[in-house]
Amino acid sequence: MSQFKVRYEPPRGYPLGTNLTFKICANLIIPIFNLFMSRDWKGAENIPAQGRVIVASNHMSYLDVLVFTHFLYRNGRAPRYLGKSGVFKVPIIGKIILAAGQVPVERESSDAKKAVDHARIILEQGHMLGVYPEGTLTRDPDMWPMVAKTGCARLALLTNTPVIPIAQWGSQLVVPNYTKKLSLFPRKTIIIRAGKPVDLSKWYGKSDDPQALIEATAAIMRAITDLLEEIRGQKRPQVIFDPHTSELPRTGNFKKKRA
């Protein structure tokens, strides 16, 4: 990780947490989004204007992070993410997202534990941290959230940081699940709902308790799924897809491997 110069400056500017690179990217990308996608966004009042906070969302498409960031940016915050290091090694793109304040981490390795250290510093500086608790795109065939990893809950309990649940729907219609194909027409509507902070008080002081982490994680995912049920007008399946017990690989594009 020494090859990357990670930045930990406190958030400044408006949207809070922005910098020159972040703002240039936003000014280039947002007009394109506005051209090809319409918005149905609610719950902005639940996004804190300042202070450390974790925003946690469901994950269906490679487009999600840009849509998610657009929503947060439009509502006054420029979030930070922990991204897989491979993306930061991509010529030009890697340097841009690093300069925008994003942080590279190793996944599924001994260095993965360092991600918590990075995240703690980001939050201590007063940033908004964007998290996909599932850790990867959902593998549920109907696009419902999966059983998530416990990292988000552990971080929230460890740092006493509020978690705002956010559900989004529509990005998978533009860039389908586990593909990089674009479907721009007809114009799609991106629906986002932000909820009130998840009540994690029951598990405060238990960041090292495995069962508490499982329960707190379930509470976060339940809040996200409740919002998604509202968006879709449907109820989630009784049995939640669990990547830990599935025969599918934990990481990577399993659809590509099947093909």
Inter-residue atom distance I32.CD1 - I29.CD1, 0.5 Å rounding:
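Those atoms lie 7.0 Å apart.
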Could you work out, with ring pair (Phe, Tyr, Trp, His ring centres under 6.0 Å) as the rule, every residue matching Y73, not counting sequence neighbours?
F22
Distance alone, cut at 3.5 Å: any donor-acceptor contact between the side chains of [X] and [Y]?
| X | Y | result |
| --- | --- | --- |
| H127 | Y8 | no |
| S201 | D199 | yes |
| R39 | N34 | yes |
| Q168 | D64 | yes |
| S183 | K188 | yes |

Side-chain donor or acceptor of [X] paired with backbone N/O of [Y] under 3.5 Å:
| X | Y | value |
| --- | --- | --- |
| R187 | L35 | yes |
| N177 | M60 | yes |
| R74 | T69 | no |
| D242 | M146 | no |

Check D142 with R236, please: is the shortest side-chain N to carboxylate O separation under 4.0 Å?
no
Taking NZ, NE, NH1 and NH2 as the nitrogens, is one of them in E230 or R193 under 4.0 Å from a carboxylate oxygen of the other?
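The answer is yes: the pair qualifies as a salt bridge.
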Parallel, tilted or perpendicular, as decided by the 30° and 60° cut-offs, for the rings of Y81 and Y132:
parallel
What residues form a side-chain hydrogen bond (donor to acceptor under 3.5 Å, both in side chains) with K42, not counting sequence neighbours?
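If we apply the side-chain hydrogen bond (donor to acceptor under 3.5 Å, both in side chains) test to K42, skipping adjacent residues, there are no hits.
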Extract all donor-acceptor atom pairs below 3.5 Å that involve side chains of residues 214-224 and protein atoms in other chains or at least two apart in sequence.
unit_1 : atom_1 : unit_2 : atom_2 : d
E215   : OE1    : W203   : NE1    : 2.8
E215   : OE2    : Q211   : NE2    : 3.3
T217   : OG1    : L213   : O      : 2.7
R222   : NE     : D226   : OD1    : 2.7
R222   : NH2    : D226   : OD1    : 2.5
R222   : NH2    : E229   : OE1    : 3.1
R222   : NH2    : E229   : OE2    : 3.2

Given the options W41, W169, F71, F68, I190 meets side-chain contact (heavy atoms from CB on, under 4.5 Å) only with W41
